[in-house]
Number of protein chains: 2
Amino acid sequence: MARKPRQARSKATVNAIVEAAFIAVAQHGPAAATTRQIADIAGISVGSLYEYFSNKEAIFGAMSERFVADTVAMIQPRVPELVRKDMREAILDMLVYFRAFLQENDELYLKCARHAFTMDFEEYLEPVQRLLLDIVTQHMMRHPETARVRNIAAMTYIYINGGIFAVVRHLSEQNPSITFEELSQGLSDMVGHYVDQELALAKQSSHNRSS
Amino acid sequence: MARKPRQARSKATVNAIVEAAFIAVAQHGPAAATTRQIADIAGISVGSLYEYFSNKEAIFGAMSERFVADTVAMIQPRVPELVRKDMREAILDMLVYFRAFLQENDELYLKCARHAFTMDFEEYLEPVQRLLLDIVTQHMMRHPETARVRNIAAMTYIYINGGIFAVVRHLSEQNPSITFEELSQGLSDMVGHYVDQELALAKQSSHNRSS
DNA sequence: TTGAGTTCCGAATTGAATCCGAACAAGCAT
DNA sequence: ATGCTTGTTCGGATTCAATTCGGAACTCAA
């Protein structure tokens, strides 16, 4: 960002630019979305873009940040409810929430997320990763029996990458080879079975040790 | 591709263009890689690019095809060996192969794969999906006890998306939060535990039914 | 050897990203 | 209120890369 906004109206301008960018990218993809389009949609002139963003990349960066922040804000209030549930159900719920989130506003976010990697999206994922780790931690405190599961960090890493990308890809496909229900059930069982199996192994090994 | 190559030399040119594109993209990223750079590296003129590719996108498409084909070619000869192994070990092996593949030639492929999604990479994944499904099928024929696992299709879908993207992302990170060993162990256990758990459930339910 | 088809070239065109200096609006002191 | 300073917006000028085009150079079969 080339300059910090001092006055209220310029904050509104920055906001308008980011929202316009979402619309333009959803319509034409990130490569074909031009600064003129973004400026037109935002109702400002092209030059003004460069008062707040040093280049087009920076606008994409702000979009990524916004997307991640909105995702977190969407899940956050549901955390108390999620951690109370059975793990499989919690995961299914999250996936359904995430799908609804991607599809709101005529799939605005989904259409952008499809191309997200242009924008070095991964760099911005950290808050989501933190949120998920937080949920897992809280969940474990309420379900102490799950404390013996190994490799929680690796699991959340895999899950966040595999889960987000698989869902985004799936929703973008015209005729996917599996249904969304199969996909979400698969993701949930994959985690659920993993945990069950880890617990079974832990029980078995402690049994062996004590006998 | 604007024209089909008729003569031998033009096939070499097409090849040179694709290889040059890999180098240019690895160096500058897909957005900053210019047609001039690609032409220079390939040792041809800019205009010649357009004899074989209708635009830059098409070159990226050819890169994706090449990448997928090379990946399949790298795994294919190892299929007989893989299907003989225990599932967890087979997965670990595949991941190690894949890492080595990404890192050869000074990480040429890895550097390009990082940005792969610009190029609508997903469209080209189908051969990999087929290969993986083929491996699973052959594996099941040798290990008939695994036939009762449900949702094989969903599992390979999740695995191909989650696995490839998690590995590419992990290898691209400067200081990843987990090691490659933890990641690959996690991916392998995730699948392994899933299968084990499914088999346990299947055994249990058939037991219930017969009692 | 030759000419029809193929391949290659690089200057010219086009259009988008970015820069810049002038015009405009807001805040502030008098 | 009035003039001054600083923040904000504008849109044309500039720059640079993608793509086009007309013709030169090459290949190969007859």
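Chain naming here is simple, since letters A, B, ... match the order of the sequence lines and numbering starts at 1 in each.
- Contact check, A:T13 against D:dT9: a side-chain N or O comes under 4.0 Å of OP1 or OP2.
- When all heavy atoms of A:L108 and A:F22 are compared, the closest pair comes out as CD1-O, 3.7 Å.
- Recorded end-axis angle for the helix from C:dT1-D:dA30 to C:dT30-D:dA1 stands at 0°, based on five pairs per end and rounded to 10 degrees.
- Dashed line: the shortest gap from a side-chain N or O of B:T34 to OP1 or OP2 of D:dC16 is not under 4.0 Å.
- Using a 4.5 Å heavy-atom threshold, the side chains of A:I178 and A:H170 count as touching.
- Rounded to an integer number of Å, the gap from B:R36 CZ to C:dA12 P is 13 Å.
- Legend: side chain to side chain donor-acceptor pair (under 3.5 Å) pairs involving residues 33-42 of chain B, not counting sequence neighbours, sorted by first then second residue: B:H28-B:Q37.
- Among the atoms of the strands shown, none is found under 4.0 Å from any heavy atom of B:A39.
- Within residues 41-48 of chain B, the residues approaching DNA chain D are B:V46, by heavy-atom distance under 4.0 Å.
- For D:dT9, one of the phosphate oxygens OP1 or OP2 lies less than 4.0 angstrom from a side-chain nitrogen or oxygen of A:Y52.
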Please table the atom pairs, donor to acceptor, closer than 3.5 Å between any side-chain atom in residues 133-142 of chain A and protein atoms at least two apart or in another chain.
residue, atom, partner, partner atom, Å
A:D134, OD2, A:Q138, NE2, 3.4
A:T137, OG1, A:L133, O, 2.7
A:H139, NE2, A:K85, O, 3.0

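- Within the 4.0 Å cut-off from OP1 or OP2 of D:dT19, at least one side-chain nitrogen or oxygen of B:Y50 is found.
- With sequence neighbours left out, the side-chain hydrogen bond (donor to acceptor under 3.5 Å, both in side chains) criterion links B:N15 to B:R66.
- Listed by chain and number, the residues in a side-chain hydrogen bond (donor to acceptor under 3.5 Å, both in side chains) with A:D196 are A:R88 (sequence neighbours excluded).
- Among A:E198, A:Q197, A:H193, the single residue meeting the side-chain hydrogen bond (donor to acceptor under 3.5 Å, both in side chains) criterion with B:H193 is A:E198.
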